Each structure stands twice: as C-alpha cells, then as structure tokens.
Protein chains: 2
Amino acid sequence: MPDATDADGLTVGQVSARLGVTVRALHHWDGIGLARPSLRTAAGYRLYTAGDLERLHRVVVYRELGLGLDGIRAVLDDSTADVPGALRAQRARVAERIDRLRQLSAGLDRMIDAHEHGLLLTIEQQVAVFGPQWNPDWPAQARQRYGDTTQWLQYAERSASRGPEEWQAVADAVAGLDRALGEAMDAGVTPGSPEANRLVERHREVFASYFPLTRRMQVCLGRMYEADPAFAAHYDGIRSGLATWFRRLVDASARAHGIDPDTATWR
Amino acid sequence: MPDATDADGLTVGQVSARLGVTVRALHHWDGIGLARPSLRTAAGYRLYTAGDLERLHRVVVYRELGLGLDGIRAVLDDSTADVPGALRAQRARVAERIDRLRQLSAGLDRMIDAHEHGLLLTIEQQVAVFGPQWNPDWPAQARQRYGDTTQWLQYAERSASRGPEEWQAVADAVAGLDRALGEAMDAGVTPGSPEANRLVERHREVFASYFPLTRRMQVCLGRMYEADPAFAAHYDGIRSGLATWFRRLVDASARAHGIDPDTATWR
DNA sequence: GCTTGACCCTCACGCCGCGTGAGGCTGGAG
DNA sequence: CTCCAGCCTCACGCGGCGTGAGGGTCAAGC
C-alpha cells in the first residue's frame with residue numbers, strides 16, 4: 001500500500017493535494033477549530049479521516065462561494081442555520097460589490113480618458129460649449145505640451161468629474177473675463193490700479209477651475225500669453241495689444257504682492 | 001471670522017468634514033507620510049494649508065478609484081509616473097475582480113437553487129435522465145421531508161456541481177443496481193451471503209453520490225424502503241417483496257459489521 | 001477663575017485569512 | 001547512518017484604517 005486510500009488518515013500534505021488547499025489553510029482551520037483532524041500520530045502529525053475529509057470538502061465548497069469562515073462554521077455546525085438565507089445574503093453582498101466595482105471601473109475609464117484626451121465631451125458638445133471658433137485638436141495639443149506636468153494631472157483629475165454643464169460654467173467664466181478685459185482696456189485701466197488688480201485676481205480664480213494657479217505661475221502665464229503665437233492671437237483678437245497690456249497688469253499685481261515678475265518661475 | 005476660509009490652516013475635524021474622510025484616515029496618511037500637514041500649532045494640532053488640501057483632494061480622488069496608498073503616492077510624488085498606465089492596470093485588476101465575483105454569484109445561484117429545488121435540471125432534462133416514470137415533484141417533496149437535515153445540505157452541495165451528464169451517470173448506477181437486485185432476488189440470493197453483502201456495499205456506494213451513507217444510516221434506509229409507501233411501491237415494483245428482502249440483506253450485512261439493526265439510529 | 005464639552009493628541013491592538021519564514025522533529029529511502 | 005521531503009509550532013506581516021484608552025487643549029458659559 002503506497003500511501004493513502006485505506007489508511008486510517010491522510011496527512012496535511014495529502015489532503016492539501018486532494019482538496020487543492022494549502023497546508024497552511026488546513027493548519028489555520030484546525031487552529032480556529034473550523035475543521036480539525038480526528039487523529040494525530042504519536043509524533044503529532046495531523047491525520048484526517050474520511051469523515052474529516054467530508055467536512056473539509058464542505059468547507060472548501062462554501063469557501064469557494066465566498067462565505068467567511070464564521071459563516072461556514074455556522075452553516076456546518078448549526079443545524080438550525082438558514083443556509084439558503086445565508087447564501088442569498090452572500091449573493092446580495094456580492095452583487096453590491098460588483099456594483100461598486102463597476103462604478104469604480106467607469107470612474108477609471110473617465111479618468112483615463114481625461115488623462116489622454118483632456119476633455120470628456122464629444123466634438124459636438126465641445127463646439128456647443130466653447131463656441132464655433134473652438135478647435136477640437138486643442139486638448140490633444142495641450143496634452144502634447146503639458147502632459148508630463150503636475151498641473152496637467154490636476155487638470156485631468158478635475159476634468160474627469162466635470163460634465164457639460166460644468167464645462168459650460170467654466171467657458172462662461174472665461175468668456176466673461178475676456179469681455180471684461182476688453183472693456184477695461186477700452187476704459188483705460190492702468191497696471192497697478194485697483195481695477196486692474198481685481199481683474200488679475202479674477203483671472204486667477206477663473207483659472208483655478210483648471211488647476212491651482214499661484215501668483216508666480218500667473219506671471220509666467222502672462223508672459224506666455226504675450227509670447228506664444230496662439231495665445232497672443234486669441235488675446236490680441238479681443239483687442240489689439242491686449243496680451244501685452246494684460247501682462248503688465250499681472251506684473252504690477254505680482255510686484256504688489258512682493259514678487260519680482262522678472263525672476264518669477266513657474267514652480 | 002467663524003472658523004476657516006482665511007485661517008492659515010484647517011484642523012483635522014474641519015478637513016474631515018470638507019473632504020468626507022475620517023479623522024483617522026488623515027492621521028493615517030500623515031503617519032505613513034502620504035499627506036502631511038505643513039503646520040502644527042504649539043499644542044501639536046495638525047493644521048492643513050490650502051496646498052495641503054490640494055494634495056489631500058488628489059489623494060481622495062485616486063483613493064475613490066481604488067488605488068492603493070502606495071499607488072497614490074507614486075502618482076502624486078513621482079513626476080515620471082505613468083499615471084494612465086497605473087489607471088489602466090487598476091482597471092484590469094478591477095475587471096478581473098468583477099469577473100471572479102460574477103462567477104461567484106453564479107455559483108451562489110446554483111447552490112441556492114440546489115438547496116431549494118433539489119435539482120438543477122429542467123423538467124425535460126429530468127425526464128430525459130430519470131426516465132418517463134419520473135415525477136418532477138419528487139425533489140420538492142424530498143426537500144419538504146429532509147430539507148433541514150445535514151444530509152440534505154450535502155446532497156444540495158453536490159447537486160450544485162453536477163450537470164446532466166453526471167446526473168445521467170448517477171441515474172444509470174441506480175438503474176443498474178435496481179436491475180441487479182431484481183436478478184439477485186430471482187436467483188434466490190439469501191441475506192448474509194457474500195453475494196448479498198456485495199449488493200449491500202454496492203448500494204452504499206451508489207448512494208454515496210447523494211451524501212455519505214454510514215452502515216447505520218443504511219439500516220434505517222432499508223427499513224424506510226419497506227415502510228414508506230412510495231419507496232415500497234418502487235422496490236416492490238421491481239419484484240414483489242423486494243423491499244422486505246433487501247431490508248433483510250442490509251440487516252444481515254450490518255450485523256456482520258457489528259451493528260445491531262434493531263437499535264441502529266440514523267445518526 | 002473654574003468647569004464643561006467638543007476637539008485634538010499619541011499609542012496600540014484588532015480585523016480576515018492566511019503567506020511566509022524560522023527553527024526544529026520525523027520517517028522512509030539509499 | 002545520512003538525507004531529504006515532509007511535518008510540527010510559533011509568530012510576524014499584510015491593507016487601511018476602526019476603535020478604544022488615556023490624556024491634553026480651547027472657546028464658552030458660570
């Protein structure tokens with residue numbers, strides 16, 4: 001007789017191989033009294049009888065159904081236990097977890113999209129929100145340029161939880177600011193004036209819906225508006241010379257907050 | 001100024017209320033260095049600045065996506081981190097977990113069905129497997145009678161993982177045994193003979209596919225075959241008097257194994 | 001100035017189901 | 001007699017905090 005079938009007990013290793021559970025699990029179930037071997041050899045080896053194997057098998061079955069060890073113990077030991085009830089409760093828990101995971105997966109999809117495309121709107125929605133002069137390639141271009149900055153990450157994180165209405169609000173705020181800038185320039189607002197500083201603050205707040213903008217970063221942004229052809233075209237399109245004028249507003253405001261605009265850096 | 005907005009920091013309680021995380025979580029994140037407050041009061045109170053809040057907010061966002069704290073740390077701290085890659089990996093993990101949970105749910109359904117109906121086959125399958133004299137109400141009746149016994153539980157557990165083919169095998173074994181019993185009775189096999197004991201053992205083995213049957217239980221079963229009208233009808237339908245003859249076979253075999261059939265109990 | 005009650009602090013254990021060693025016997029084969 | 005696989009018993013670790021214990025702090029009301 002090589003090892004097993006008609007012996008009066010199987011060792012942990014043999015049971016492990018038969019039932020596909022680890023030896024450690026058998027030790028554990030023995031330790032907590034869930035399924036203990038009826039016998040031990042003189043040397044202390046655990047010996048599982050046929051009856052023990054029955055019980056172990058049942059443990060394995062219910063464990064595969066995701067029941068906790070206490071639940072399994074109840075099912076096996078308490079003859080008054082409502083087994084179908086316990087199973088249904090377990091099924092409800094599982095359904096709940098599936099639901100949560102699905103929502104989670106959807107959230108991940110949104111976030112991945114936001115990271116990769118910058119916007120989660122269809123082309124139609126983009127045009128509807130941002131107006132006809134909107135170029136759908138801009139988010140992709142922005143990602144090209146800024147995709148490896150912390151600010152892009154924050155932008156993407158916020159984009160992921162922004163629907164069309166919220167984007168509309170952002171777009172409205174930007175448009176309102178553009179208009180206000182144009183009118184202020186018409187009205188001859190000069191850098192450093194209270195009116196000018198209010199506009200600079202308003203710009204910072206509007207921008208904060210993309211990512212938090214420090215005053216130093218705002219200085220750099222002002223210079224970019226002036227230097228970058230695309231930005232300059234936009235602002236000079238509102239009023240000729242507006243980009244430069246706005247940069248001077250930002251510089252003045254920064255100086256008023258103790259920042260030297262000529263040495264300010266993005267970080 | 002009541003509490004917060006322009007103070008130079010928020011306490012744990014305030015942050016907790018704003019971000020919807022527990023105070024303990026803030027402590028934990030501080031403890032592991034994931035998100036620590038920049039300031040402390042003289043008394044040691046944590047004070048979270050606006051910048052700290054930014055970071056906390058990002059932690060919350062990624063935590064809601066199911067990232068582990070180490071993953072979040074990587075995303076927040078390592079500017080070279082592949083954020084979309086991490087998110088995609090997380091999505092894959094989530095999909096995997098959903099899959100497992102779905103299988104688990106299906107298993108639970110099967111088990112619940114098995115517990116409630118006793119069989120997981122359609123009526124057509126039942127008739128195909130068990131023959132035209134099969135009554136589809138039998139499993140429900142069996143549940144009525146035995147639904148609160150350990151053996152019913154084990155029967156249900158095994159049924160849950162048995163398909164039509166396996167049921168066919170069981171049905172074939174049962175039919176084969178019935179035939180063999182009839183032929184043995186014709187041949188004048190007497191209780192206690194080796195031939196008779198072989199048949200009794202074969203009955204025990206066939207029955208073991210439903211649930212483990214001890215010799216004592218088999219004795220009780222033999223008596224039930226004789227006493228219960230439905231069982232008696234079945235066995236006496238094979239050969240007149242077969243139920244009683246078989247009961248005597250079982251009794252004799254039990255005696256040969258040191259069991260007194262007149263005092264044997266199910267348990 | 002003293003009390004009260006809401007907040008805050010720092011340990012430190014608990015959870016769930018084992019995985020993973022460490023350190024040391026046992027048992028059958030060569 | 002030696003080897004090596006297999007067994008034993010501790011005991012820590014994991015993930016992300018929950019939940020006290022035991023004790024300071026702060027603003028308000030008396």
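Bear in mind that the values here come from a model prediction, so they are computed numbers and not experimental data. Numbers restart at 1 for each chain; the letters A, B, ... are given by sequence-line order, proteins then strands.
Rounded to whole Å, atom P of D:dG6 lies 16 Å from atom CG of A:Leu47. Note: CZ (B:Arg40) to P (D:dG24) measures 17 Å, nearest angstrom. When rounded to the nearest whole Å, the span between CZ of A:Arg36 and P of D:dC8 equals 13 Å. To the nearest angstrom, C1' of D:dC8 lies 7 Å from NE2 of A:His27. Rounded to an integer number of Å, the gap from CD of A:Gln14 to P of D:dA5 is 17 Å. Rounded to an integer number of Å, the gap from A:Leu10 CG to C:dG27 P is 17 Å. Distance, A:Ile32 CD1 to D:dT9 P: 15 Å, rounded to whole Å.
If you check every strand for non-hydrogen atoms under 4.0 Å, A:Thr11 touches sugar and phosphate atoms only.
Side-chain to base pairing of A:Tyr45 with C:dG27: no donor and acceptor N or O lie closer than 3.5 Å to each other.
Using a 4.0 Å cut-off between charged nitrogen and carboxylate oxygen, A:Glu205 and A:Arg202 do not count as a salt-bridge pair. Using a cutoff of 4.0 Å between basic side-chain nitrogens and carboxylate oxygens, A:Arg46 and A:Asp52 are not scored as salt-bridged. Residues B:Glu96 and B:Arg93 are not paired through a salt bridge, judged by the lack of any N-O separation under 4.0 Å between the basic side chain and the carboxylate.
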**Request:** Please lay out, stage by stage, how B:Leu53 and B:Leu19 fare under the test side-chain contact (heavy atoms from CB on, under 4.5 Å).
**Result:** CA-CA 9 Å; B:Leu53 276 178; B:Leu19 296 187; 4.3 Å; yes
**Request:** Give the C-alpha distance, both sets of side-chain angles, the deciding distance and a yes or no for side-chain contact (heavy atoms from CB on, under 4.5 Å) between B:Leu47 and B:Thr11.
**Result:** CA-CA 5 Å; B:Leu47 287 182; B:Thr11 65; 4.1 Å; yes
**Request:** Produce a footprint string for nucleotides 15-22 of chain D: one letter per nucleotide, 5' end first; B if the base is under 4.0 Å from any protein heavy atom, S if only the sugar-phosphate is, - if neither.
**Result:** -BBBB---
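Closest heavy-atom contact between A:Leu34 and A:Arg55: O-NE, 2.9 Å.
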